[in-house]
Structure formats: C-alpha cells, structure tokens
Amino acid sequence: MRIVFIGPPGAGKGTQAERIIEKYRIAHLSTGDMLRAARDAKTPVGVEAETYMAAGELVPDAIIIAIIAERLEQPDCQYGYLLDGFPRTLPQAEALDAMLAAKGTALDVVLELNVPEEELFQRLAGRGRADDQPDVIRQRLVAYREQTEPLLQYYRQQGLLKSVDGIGTVEEIFHRVEAVLDPYAC
Ligand code: ADP
C-alpha cells in the first residue's frame, strides 16, 4: 500500500501515522522526522535545512526530493509506505509521480486529515517544539495554505484524494482512517 498523508501542521498526522504503520505494516517516511534527525546530527543537509525549519518555511524542493528519492530505494519500501509530510509542493508531487512511474508503481490513495485553521493554532501553541513559537506557527500555516493545499486539487483530479475529519478523539479519527484505508490493504 502506497499512501500520501496530507494535513496542516497540528492536524494530528503524527499520531495517526503511528497507528497506520502499525496496523498496515508499512514503512513510515516522515520528512519532518528525517530533517530533524539530519539537523541534530549536523549533517550538511541538516545544517542547511535548519534555517528554513526554524523560520517555518519549507526546505527547498531539490533537497527534499533528493532525500525521498534515496529513501524510496531502501528495501523496506517495497512493501509499501506512508509518505508523511511529502509532497508539500506541486513540484514535489510531480517529482514523486516521476519517481513512481520510473519504478512502474503508483500511489493507492492520498489521505487528507482535515482540521479547520482556528483549531490548529490552539493545538500547536500548546505543544512546545522549537518551531512552535507563535510567529513560526503562523508561517507554517501560511506555507500550508499557499504551497500544500493546491495539492488537494492535484490529487482530487487524479481520483486519489480521500478526506477524513480530524476533529474528535484519536480513536474516533483512526476509525475514519481505517474505513478509508482498509479497502486498499492486501
Ligand atoms: P509540521 O507538519 O508540524 O509543520 P513537519 O514535522 O512535517 O511539521 O515538518 C517540519 C518542518 O520541516 C517544516 O516546517 C519544513 O520546514 C520542513 N519540511 C518537512 N517536510 C518538508 C517538505 N516535504 N518540503 C519542504 N520542507 C519540509
């Protein structure tokens, strides 16, 4: 099963992603986690990415596309994966399509976790990560609205988009997620 998981910062994607990979036994490819690991290890990519992340801006497409291209070659990806935080821009989505086409594979489904913006700010402000300062949160929400939301239309046109309401308990939301994903599980 190859899934793209889309949702604004603070939507609860990380929590649901953990449940998804456990139930469906697929690899978890979180670009946020990969970038934070690179930053903490002070690799050249990590050092460059840090300035963008700290400002709530997206890391340049070329960097992130190279990271994903390499990651998709790892053996665990052959059994399927959950892409969490990628793609986040139209060029990233197009690059992903090209990578998949080159492998003769395709996405099964694009899952959107839908949470209204008013709710997101509250949740993020209570979390306490380094990029959870109010002005950085605002910038991440702007980046989502301007650069990532257009992907919903892109995937809707491909007939891949399924949206799930992200308001409720973790359990309630996971039931909605399962209802969408179960038909694709083998
Ligand atoms: P959130 O969804 O809570 O904003 P993530 O953990 O997914 O957080 O990402 C944290 C930061 O890492 C983003 O604000 C951005 O700077 C960078 N990042 C992660 N994924 C991408 C991506 N696909 N393209 C560009 N930048 C990214």
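Computed from a predicted model, the values in this text were never measured in an experiment. Atoms within each ligand, like the ligands themselves, are counted from 1 in listed order.
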Of Arg36, Met53, Arg140, which has the heavy atom at the shortest distance from atom 6 (O) of ligand 1?
Arg36

Can you name the atoms of ligand 1, numbered from 1 with element, that are less than 4.0 Å from a heavy atom of Glu57?
15 (C), 16 (O)

With a cut-off of 4.0 Å, which atoms of ligand 1 are near a heavy atom of Arg127?
3 (O)

At under 4.0 Å between heavy atoms, which part of Arg129 makes contact with ligand 1: side chain, backbone, both or neither?
side chain

The atoms of ligand 1 lying under 4.0 Å from a heavy atom of Thr31, numbered in the order shown, are 19 (C), 20 (N), 21 (C), 23 (N)

Is Arg39 reaching over with its side chain to a backbone N or O of Ala49, donor-acceptor style, under 3.5 angstrom?
no

So which heavy atom in the protein is nearest atom 24 (N) of ligand 1, and how far is it from that ligand atom?
Gln92 NE2, 2.9 Å

Looking at Gly32, which atoms of ligand 1 are within less than 4.0 Å of one of its heavy atoms?
5 (P), 6 (O), 9 (O), 19 (C)

For ligand 1, which atoms sit closer than 4.0 Å to a heavy atom of Leu35?
12 (O), 17 (C), 18 (N), 19 (C), 27 (C)

Backbone, side chain, both or neither: what part of Arg39 comes under 4.0 angstrom of ligand 1, heavy atoms only?
neither

Name the closest protein heavy atom to atom 23 (N) of ligand 1, giving the residue it belongs to and the distance to 0.1 Å.
Gly85 O, 2.8 Å

Contact region, Ile64 to ligand 1, non-hydrogen atoms below 4.0 Å, reads side chain

min-distance protein heavy atom vs atom 2 (O) of ligand 1 -> Arg88 NH2, 3.1 Å

